[in-house]
Amino acid sequence: MIVARAPGRVNLIGEHTDYNAGFVLPVAIDREVHLYAQPRSDHRCVLYSEVLDDQIEFDLRSIPPAEALPEGWIRYVAGVAQMLTQHTGRTLTGIEGVVSSTLPLGAGLSSSAALESACAVLWNMLDDLRLPPATLALLCQQAEWHYAGVHCGIMDQFACLLSQPGSALFLDTRTLFTETIPLPREWVIVVADTGKPRTLAESGYNARRAECEQAVRELQSILGEEVSALRDVSPEQASLYLPLVSEPARARARHVIGENARVLAFLETLRGGNREGVRALMLASHRSLRDDYAVSCPELDAMVEACLAAPGCVGARLTGAGFGGACVALVEREQVDAFIQQVDLDYRARSEYEPQFLICEAVGGASVSPVS
Ligand code: GLA
C-alpha cells in the first residue's frame, strides 16, 4: 500500500494574475488530500472518497471522455489519468484505494488541484513515468480545463506540486520560473473562511478572464503586438493608456497591472522583514480586488477588516478566486489565539455566516511514500 499526499494552498499575493502571464506567491498548507492505494492486476481505477462517501470506477485502457462522466470528483481523477496517458503513451496501472482529506472543500483552498496532484504523483511513481513536478502541474491544469471545464491558471497546481516547507513559492506564470521564498518563522498563516459559499465563482471567473482578454485587445490596438498579455503593460503605460480602454475591462486591467507590481514589491518587503510594507501591500491588493476586479463580497470585506483590527495581525486580504470563500492573514505566532478569538467575535457580529479558522504551516509539495 502506498500513500500520495497533496496539500491545499493559499495565495499571499498575486490574485487573478496567473491567466494574465503574471506573478503569484502561493503557499502550500498543512491541510491535505491523502490517497491510499494499491495496484490492481487489471487496469481499473476504483476509489472511495471518505469525505463524500462516494465510490468511482473507470477503465484506464479506455478512459471515458469528460462528457461521458457525471459531474463530480471522478472528473479530476479521470482527467489526470487521461492527460498522463496522452502525454506518455502508456496505459496506467490499475489502482484501488481510499481518498481522505483534511482540506475543507469549496473554501477556495484548491482541493481540486490537491486531488489532481495526489493522483499525478501516485501514477508517476507506480508507472515509473519520471515526469518532473512542473510537467505534472501542467498536465493537472489540462485535466482541469478539459475534464472539469474550469479554465484556471497554473498557480494552484504549481503550489501543490512544487512548494517547499516553510516557504512561499514565487512563480512567474509566463516563463514558469520559480523561486522558494522563506517565510519569517515568527509569523503564522491563518486562513479565515467567511463561510459564504463561492456560488458565482465559476461564471464570475470566466467573465473576468474574458474582460482581461478584451483589455489586451484594446491595448494591442494602441501599443501593438508587443502586448500579448496584461503582463506586458507597465504601470507607466497603464496610466497613459488605460483611460482609452472601455469599462469594465479598464478596471480589470488596472487591477492586474497593479497586482503584478505588488507581488514584486512584496518579495522585497518580505526579504527586508518590513511589516508595515507587507500590511500595506496586502491591503492594497484586497482593495483592488474589491473595487477594480469586483470579486470581493461584504463577508470577505468584513473578515479583512476584522483581521486587520485584531491583535498580532501583520496583514490580511481575500485569497483565491473570491466571490466568497476565505481570507488569508499573516499573524504573529505568539498572538494567534488572541487574534482568532477577536476576529471570530467581530466577524460574527457583522455576518450571518459561520466563520472557520485554520492555523496553517507552510509545507512541501505533493509526495508519495509506502505505508507500513
Ligand atoms: C483560482 C484559479 C487560479 C487563480 C486564482 C485567482 O484559484 O484556479 O488559477 O486564477 O483563482 O488568483
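Start at 1 and go down the list; that is how both ligands and their atoms are numbered.
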Shortest heavy-atom approach to atom 11 (O) of ligand 1 - which of Y205, Y19, F158: Y205

Any chain of hydrophobic side-chain contacts (each under 4.5 Å) joining [X] to [Y]?
{"X": "V227", "Y": "L230", "value": "yes"}
{"X": "V27", "Y": "I359", "value": "no"}
{"X": "L12", "Y": "L162", "value": "yes"}
{"X": "V80", "Y": "I56", "value": "yes"}
{"X": "Y19", "Y": "L171", "value": "no"}

Region of R9 that comes within reach of ligand 1 [heavy atoms, distance under 4.0 Å]: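 The answer is the side chain of R9.
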
Pairs of nitrogen or oxygen atoms closer than 3.5 Å, one from [X] and one from ligand 1: do any exist?
{"X": "S110", "answer": "no"}
{"X": "D156", "answer": "yes"}
{"X": "G153", "answer": "yes"}

Q341, CD: over 12 other non-hydrogen atoms inside 6.0 angstrom: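 Incorrect, the count does not exceed 12.
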
Over 12 non-hydrogen atoms of neighbours within 6.0 angstrom of CZ in R185: no

For E15, atoms of ligand 1 separated by under 4.0 Å from a heavy atom: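 Atoms satisfying the 4.0 Å criterion: 6 (C), 12 (O).
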
Atoms in ligand 1 with a heavy atom of A321 nearer than 4.0 Å: 11 (O)

Heavy-atom nearest neighbour in the protein, as seen from atom 9 (O) of ligand 1, with distance rounded to 0.1 Å: D18 OD2, 2.6 Å

Identity and distance of the protein heavy atom lying nearest atom 5 (C) of ligand 1: M155 CE, 3.8 Å

